[in-house]
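Before any comments, here is the structure.
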Amino acid sequence: MTLSSILAYLALLAAVFYVANATDPNQLQDFCVATNDPKEALFVNGLFCKNPMDVKAEDFFFSGLDIAGDTKNRVGSNVTTVSVFEFPGLNTLGVSLARIDYAPYGGLNTPHTHPRATELLTVLEGNLYVGFVTTNMPNGENKLFAKVLKRGDVFIFPQGLIHFQINIGRYPAVALSSLSSQNPGVLSIANAVFGAEPPISVRVLSKAFQLDEKIVKNLQSKFDM
Ligand SMILES: *[C@@H]1O[C@H](CO)[C@@H](O)[C@H](O)[C@H]1NC(C)=O
């Protein structure tokens with residue numbers, strides 16, 4: 001083959017396999033209702049930027065992740081978030097962190113999703129049972145991938161999927177979560193479903209969860225904030 005025929009062949013391949021690939025930027029908040037009034041304007045896709053001439057080393061610094069969150073609450077866990085709202089230097093950089101503390105004997109980070117981020121969970125102390133559930137498989141199944149983790153183990157929760165962690169040990173556990181968004185968002189399933197404000201209709205929840213309406217009302221009273 002001559003050079004020109006090779007080039008022609010490559011050009012043909014490129015033409016055949018070219019797929020237009022364009023989309024809007026990923027959202028960094030749940031929604032962004034447009035406004036024409038600058039006084040009303042709060043967020044762009046991300047937050048406004050500080051003048052680079054005024055930026056200091058402190059803007060790229062966060063301190064305090066050595067401090068344990070208080071796990072004396074009804075689920076026995078506490079998430080200390082380091083997202084763009086706690087750490088403005090993260091703006092537009094696509095990463096954030098969280099420290100998660102778990103009480104001994106069953107401290108639970110309840111089933112939840114991060115609509116905008118994949119999460120890497122690193123166990124710093126203790127033993128956790130963790131898992132995530134897939135979206136509907138071709139056979140309709142939602143598959144659970146779960147595992148027991150010890151100190152130094154890492155698990156990944158793909159973006160948007162429901163996941164949880166529970167302390168199965170006799171001692172407090174601690175994990176570090178690394179997230180692929182400056183604002184991952186958290187949707188806690190039980191709170192969102194049974195604690196929505198105003199409440200989701202009892203009829204809807206009773207049918208969806210195949211529960212007696214009395215049980216639905218009881219659950220709603222528990223998750224009422
Ligand atoms: C998490 O811990 C912090 C610091 O101790 C505390 O202020 C906060 O109320 C705790 N949150 C929950 C949900 O227990």
Side-chain angles (χ1 to χ4, degrees), residues 28-30 47 58-91 95-133 146 149-157 159-200 205 216-225:
L28 284 173
Q29 60 278 314
D30 284 355
L47 302 171
E58 290 293 309
D59 290 315
F60 304 108
F61 172 79
F62 179 92
S63 184
L65 268 198
D66 56 321
I67 301 164
D70 183 359
T71 58
K72 281 188 229 72
N73 51 53
R74 64 181 177 185
V75 291
S77 75
N78 194 313
V79 181
T80 307
T81 311
V82 190
S83 75
V84 70
F85 302 112
E86 293 79 23
F87 190 179
L90 297 183
N91 195 29
V95 291
S96 59
L97 283 179
R99 170 188 173 126
I100 313 170
D101 288 281
Y102 311 83
Y105 299 109
L108 172 69
N109 190 11
T110 64
H112 63 279
T113 80
H114 303 292
R116 292 177 287 275
T118 287
E119 171 174 354
L120 269 169
L121 185 96
T122 308
V123 181
L124 302 180
E125 290 297 339
N127 295 89
L128 298 176
Y129 170 72
V130 310
F132 71 83
V133 178
L149 307 183
K150 61 174 173 40
R151 180 183 166 139
D153 289 351
V154 181
F155 206 77
I156 192 153
F157 305 117
Q159 180 164 355
L161 301 186
I162 294 179
H163 59 281
F164 60 84
Q165 305 103 35
I166 188 166
N167 184 355
I168 53 168
R170 286 183 288 159
Y171 303 99
V174 188
L176 183 71
S177 139
S178 316
L179 298 130
S180 65
S181 169
Q182 68 181 42
N183 180 17
V186 187
L187 188 81
S188 297
I189 307 305
N191 303 54
V193 169
F194 295 106
E197 194 52 58
I200 299 175
L205 295 181
V216 170
K217 283 182 189 149
N218 180 256
L219 285 169
Q220 284 182 321
S221 71
K222 284 186 179 153
F223 288 95
D224 196 16
M225 285 293 139

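Keep in mind the model is a prediction, meaning the values are calculated, not measured. Whatever order the structure lists ligands and atoms in, that order sets their numbers, starting from 1.
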- Query: Any protein heavy atom sitting closer than 4.0 Å to atom 14 (O) of ligand 1?
  - Reply: yes
- With no hydrogens and no angle check, do the side chains of Gln29 and Asn183 hold a donor and an acceptor under 3.5 Å apart? no
- Hey, could you give me the CD1/CG distance between Ile168 and Leu128, rounded to the nearest 0.5 Å? 7.5 Å
- Query: Which heavy-atom pair separates Tyr129 from Ala146 by the least distance, and what is that distance?
  - Reply: OH-CB, 3.3 Å
- Message: Only heavy atoms of Asn73, strictly under 4.0 Å: list the atoms of ligand 1 that pass.
- Response: 12 (C), 13 (C), 14 (O)
- Message: Rounded at 0.5 Å granularity, tell me how far CZ in Phe157 sits from CG in Leu179.
- Response: 10.5 Å
- Query: Has ligand 1 got any nitrogen or oxygen that is less than 3.5 angstrom from a nitrogen or oxygen of Asp70?
  - Reply: yes
- Would a 4.0 Å cut-off, counted as strictly less than, catch a protein heavy atom around atom 7 (O) of ligand 1? no
- Message: Residue-level breakdown please: for Asn78 versus ligand 1, do any non-hydrogen atoms fall below 4.0 Å on the side chain, on the backbone, on both, or on neither?
- Response: side chain
- Note on the structure: Looking only at heavy atoms, the pair that brings Ser83 and Leu90 closest together is C-CD1, 3.7 Å
- If we number the atoms of ligand 1 from 1 as shown, the ones under 4.0 Å from a heavy atom of Gly69 are 2 (O)
